[in-house]
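We number each residue from 1, following the sequence as shown.
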Amino acid sequence: MKRLNDEFMTLVRDFPEENFKSGQQAVEYMESSTAIYKGIPVACLYAPKLFSMDEWESLKKAAHGICGILDKVIQRYLDDASYRKLFPFPKALEELILTEAGYPRLLPIGRLDIFFNEEDYSFQFCEFNADGASAMNEDRELGIALQQSHALNKMGEIYKITGFEFFDSWVKEFADIYSQYTNKVDTPRIVITDFIEGPMPNEFIEFKKAFQKAGYDTDICEIRQFTFSDGKLRTPDGKPVDAIYRRAVTRDIMDNMDAIPGFLQAARENAVCIVGHFRTQIIHNKAIFNILRRPETLAFLTEEEQEYVKQHIPETLWLNSGTFDLEEVLTNKDAWIIKPEDLYGSRGVFAGVDMDADTWRKAVETSMNTGYLLQKFCPPYQTPNMDFNGNHRPKPAMYNNITGMFVYNGKLQGVYSRAALTGVISPMNNAMTVLSLLVDEQPS
């Protein structure tokens with residue numbers, strides 16, 4: 001992988017004018033594309049992540065390993081009341097998690113983010129995104145934007161290079177999950193739902209098109225607009241809903257329970273197939289990183305799974321008084337990161353490596369005993385890239401990388417990549433999307 005990415009950067013260096021032109025074209029496309037985050041076009045970097053077939057096989061093995069463990073954790077939570085006590089869930093959420101899902105797949109969809117070392121294939125998990133896992137459309141649009149990349153086209157003359165497909169593939173897996181639903185109908189009406197503020201998310205529109213292309217009557221509905229009557233969940237036009245693709249994250253649902261009575265009643269009565277069900281919150285909440293390493297969890301894992309956890313799940317403690325060595329954490333700030341147990345979009349995340357000593361101390365002290373976690377910081381793998389956003393000729397800079405593994409119905413479907421100059425790699429910290437591609441090094 002390092003060799004392939006170095007090869008790309010060499011082509012950029014050897015053909016500066018051609019790549020400057022295609023870099024500017026990519027930026028111009030993205031600025032007018034449907035890849036929008038919080039009303040702003042998604043920024044991208046020029047050099048893609050080029051995954052060889054070896055890396056792809058390594059990532060598939062990584063995804064298979066963690067999915068098997070997470071399935072066991074979810075099942076143990078459902079079966080064992082004493083195990084549930086390890087989780088910081090209020091009673092109302094626990095009750096929703098324990099409602100009947102109606103199908104066996106415990107984790108239908110997820111984006112499992114890792115820090116991946118591109119030289120030795122070692123990795124550490126960063127977070128598990130289940131509810132509302134997103135960014136499929138960003139990758140799709142960036143793939144279009146870089147179709148004219150001079151360096152990429154040069155490499156395409158030597159290798160077979162393909163992107164990852166995230167829409168039609170999800171429709172296929174969604175249909176497979178629904179086919180196992182206890183109350184299924186032959187021709188289900190499918191609705192994509194979330195709390196939708198402002199314009200309709202373009203990603204939802206793309207998924208709607210994919211479902212419709214496959215022959216499904218599909219709509220998008222703001223979650224607060226559902227009604228429940230005669231045992232059926234209904235959209236505002238009165239039409240019944242058979243299956244839900246839930247993009248509303250559980251945190252938002254719990255914060256707005258009074259506003260969504262129809263949706264919640266349908267969930268409690270198993271009157272609609274909800275993909276994914278509330279039980280995905282068991283692994284979506286960041287407390288899972290603490291719980292995975294606890295003896296109560298290791299006890300029901302195999303020796304191989306125990307070793308997997310110890311190698312790939314970073315040490316994670318509750319940021320509570322008396323649970324950690326305060327002076328050690330303050331003195332070695334670059335070794336730690338602070339995360340809230342259940343916010344998303346990297347809100348409330350503080351990496352010691354991004355702060356001076358006084359700012360870090362303040363972050364630790366103000367976050368103490370407030371539902372935050374303290375986690376060992378994994379230094380991200382760095383690669384050179386270029387930012388063509390703006391009318392300038394950028395020089396390569398070293399960026400920190402994070403790799404998101406999209407898992408559909410238990411299988412690795414593709415990769416989503418981001419990079420940033422900071423330790424926290426998120427849009428809130430000016431992280432940029434990086435196109436992920438699969439390279440077959442056999443002659444094309």
**Q** Go through the structure and list residues passing side-chain hydrogen bond (donor to acceptor under 3.5 Å, both in side chains) with T433, not counting sequence neighbours.
**A**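 side-chain hydrogen bond (donor to acceptor under 3.5 Å, both in side chains) list for T433, sorted by chain: E138.
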**Q** Grab the two heavy atoms, one from S134 and one from R247, that are nearest each other, plus how far apart they are.
**A**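 Closest approach of S134 to R247: CB-NH2, 3.0 Å.
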**Q** Looking only at atom types and distance, does a side-chain atom of Q413 sit under 3.5 Å from a main-chain N or O of M405, one as donor and one as acceptor?
**A**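 Judged by distance alone, no pair lies under 3.5 Å.
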**Q** Which heavy atom of L50 sits nearest to which heavy atom of N5, and what is that distance?
**A**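 Nearest heavy atoms, L50 then N5: N-OD1, 3.4 Å.
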**Q** Taking NZ, NE, NH1 and NH2 as the nitrogens, is one of them in E173 or R105 under 4.0 Å from a carboxylate oxygen of the other?
**A**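 No, E173 and R105 are not salt-bridged.
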**Q** Distance-only, no hydrogens or angles: does the N389 side chain make a donor-acceptor pair with backbone N or O of C44 under 3.5 Å?
**A**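 Flag set: sc N389 to bb C44 pair under 3.5 Å.
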**Q** Does a side-chain N-to-carboxylate-O contact under 4.0 Å join D255 and R251?
**A**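 A salt bridge links D255 with R251.
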**Q** Could you tell me which non-hydrogen atom of F8 sits nearest to which non-hydrogen atom of L152, and how far apart they are?
**A**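 Taking every non-hydrogen atom into account, CE1-N, 3.6 Å.
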**Q** Taking the side chain from N153 and the backbone from Q147, do they hold a donor-acceptor pair closer than 3.5 Å?
**A**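 Checking the backbone N and O of Q147 against the side chain of N153, a donor-acceptor pair under 3.5 Å is found.
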**Q** Taking salt bridge (Lys or Arg N to Asp or Glu O under 4.0 Å) as the definition, give me every residue that meets it alongside K376, ordered by chain and number, with sequence neighbours left out.
**A**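 Partners of K376 by the salt bridge (Lys or Arg N to Asp or Glu O under 4.0 Å) criterion come out as none, since no residue qualifies.
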**Q** Quick one: does S32's side chain have a donor or acceptor within less than 3.5 Å of a partner on Y29's backbone?
**A**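 Looks like yes, one N/O pair under 3.5 Å.
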**Q** Does the plane of the ring in F123 sit parallel, tilted or perpendicular to the ring in H312? Use 30° and 60° as the thresholds.
**A**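 Geometry flag for H312 against F123: parallel rings.
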**Q** Salt-bridge test for K60 and E57: reply yes if a basic N is under 4.0 Å from a carboxylate O, no otherwise.
**A**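 Salt bridge present between K60 and E57.
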**Q** Would you kindly check if the NZ (Lys) or CZ (Arg) of R246 is within the cone defined by 45 degrees around the ring axis of F278 and under 6.0 Å from the six-membered ring centre?
**A**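 Checked: cation-pi criterion met.
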**Q** I'd like to know if R224 and E197 make a salt bridge, using a cut-off of under 4.0 Å between side-chain N and carboxylate O.
**A**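 Yes, charged N to carboxylate O under 4.0 Å.
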**Q** Evaluate the ring planes of Y372 and F350, with Trp represented by its six-membered ring, and classify them as parallel (under 30°), tilted (30 to 60°) or perpendicular (over 60°).
**A**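 It falls in the parallel class, under 30°.
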**Q** Under 6.0 Å from the CD atom of E304, do we count more than 12 heavy atoms belonging to anything else shown?
**A**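 No.
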**Q** For R418 and S426, indicate whether the former's side chain and the latter's backbone hold a donor-acceptor pair under 3.5 Å.
**A**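 Looks like no, no N/O pair under 3.5 Å.
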**Q** Decide whether T34 and E141 meet the rule of one side-chain donor and one side-chain acceptor closer than 3.5 Å.
**A**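 Side chains of T34 and E141: pair found under 3.5 Å.
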**Q** With a 6.0 Å cut-off (strictly less than), is the heavy-atom count around NZ of K411, excluding the residue itself, greater than 12?
**A**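 Enclosed: over 12 neighbouring heavy atoms sit under 6.0 Å from NZ of K411.
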**Q** Using a 3.5 Å distance criterion without hydrogens, assess whether the side chain of N290 forms a donor-acceptor pair with backbone atoms of T316.
**A**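 Here the side-chain-to-backbone pair exists.
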**Q** Quick one: do the S52 and D54 side chains pair a donor with an acceptor below 3.5 Å?
**A**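 Short answer, no.
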**Q** For the residue pair D440 and Y159, what are the closest heavy atoms and their distance?
**A**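 Nearest pair, atom of D440 first, then Y159: O-CB, 3.6 Å.
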**Q** How close do F195 and I253 get, counting heavy atoms only, and between which atoms?
**A**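 The answer is CE1-N, 3.7 Å.
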**Q** For the backbone of S417 and the side chain of N401, can you confirm whether one donor and one acceptor N or O come within less than 3.5 Å of each other?
**A**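 Answer holds: no.
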**Q** Is the Y416 to F166 ring centre distance short of 6.0 Å?
**A**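 Between F166 and Y416, which both carry aromatic rings, the centre distance is not below 6.0 Å.
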**Q** How many angstroms lie between atom CZ of F406 and atom CG of D139, to the nearest 0.5 angstrom?
**A**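 Here the rounded value is 7.5 Å.
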**Q** Could you check whether K49 pairs with E118 (Lys NZ or Arg NE/NH1/NH2 to Asp/Glu carboxylate O, under 4.0 Å)?
**A**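 So K49 pairs with E118 through a salt bridge.
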**Q** For the backbone of D252 and the side chain of N256, can you confirm whether one donor and one acceptor N or O come within less than 3.5 Å of each other?
**A**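 Between the backbone of D252 and the side chain of N256 there is a qualifying donor-acceptor contact (under 3.5 Å).
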**Q** Applying salt bridge (charged side-chain N to carboxylate O under 4.0 Å, His left out) to K209 and E206, what does each step give before you reach the verdict?
**A** CA-CA 5 Å; K209 291 177 183 177; E206 291 301 320; 3.4 Å; yes
**Q** Have N430 and T422 got a donor and an acceptor in their side chains that come within less than 3.5 Å?
**A**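 Per modelled atom types, N430 and T422 side chains form no pair under 3.5 Å.
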**Q** Is the shortest side-chain N to carboxylate O distance from E127 to K339 below 4.0 Å?
**A**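 Answer for the salt bridge query: no.
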**Q** For the CG atom of L112 and the CG atom of L70, what is their distance to the nearest 0.5 Å?
**A**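 Between L112 CG and L70 CG, I get 7.0 Å after rounding to 0.5 Å.
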**Q** Using a strict 4.0 Å threshold on nitrogen-to-oxygen distance, state whether E307 and K310 make a salt bridge.
**A**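 Salt bridge absent between E307 and K310.
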**Q** Does R293 reach the main-chain N or O of I313 with its side chain, forming a donor-acceptor pair under 3.5 Å?
**A**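 Such a contact is found between R293 side chain and I313 backbone.
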**Q** In Å and rounded to the nearest 0.5 Å, what is the CG to NE2 distance from L412 to H64?
**A**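 Answer for the CG-NE2 pair, L412 versus H64, is 12.0 Å.
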**Q** Run through Y216, Y178, F207 and flag the one making a side chain to side chain contact (heavy atoms under 4.5 Å, CB included) with I190.
**A**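 Testing each of Y216, Y178, F207 against I190, the sole residue satisfying side chain to side chain contact (heavy atoms under 4.5 Å, CB included) is Y216.
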**Q** Quick check: does any side chain N or O of Q306 sit under 3.5 Å from a backbone N or O of L298, one acting as donor and the other as acceptor?
**A**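 Checked: pair present.
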**Q** Between F388 and Q24, what is the shortest heavy-atom contact and its length?
**A**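 F388 and Q24 have their closest heavy atoms at O-NE2, 3.0 Å.
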**Q** After noting the C-alpha distance and the side-chain angles of F51 and W56, does the key distance pass the ring pair (Phe, Tyr, Trp, His ring centres under 6.0 Å) rule?
**A** CA-CA 6 Å; F51 293 88; W56 177 240; 8.0 Å; no
**Q** With no hydrogens and no angle check, just 3.5 Å: does a side-chain donor-acceptor pair link N409 and D176?
**A**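 A pair is found: one side chain offers a donor N or O, the other an acceptor, under 3.5 Å apart.
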**Q** Got more than 12 heavy atoms from elsewhere within 6.0 Å of CD, E119?
**A**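 Atom CD in E119 is crowded, with more than 12 foreign heavy atoms closer than 6.0 Å.
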**Q** Using a strict threshold of under 4.0 Å (side-chain N to carboxylate O), is an ion pair present between E55 and K2?
**A**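 Result for this pair is no, no salt bridge flagged.
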**Q** Using 0.5 Å steps for rounding, measure from the CD1 atom of I425 to the CG atom of D113.
**A**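 The CG atom of D113 is 9.5 Å from CD1 of I425, to the nearest 0.5 Å.
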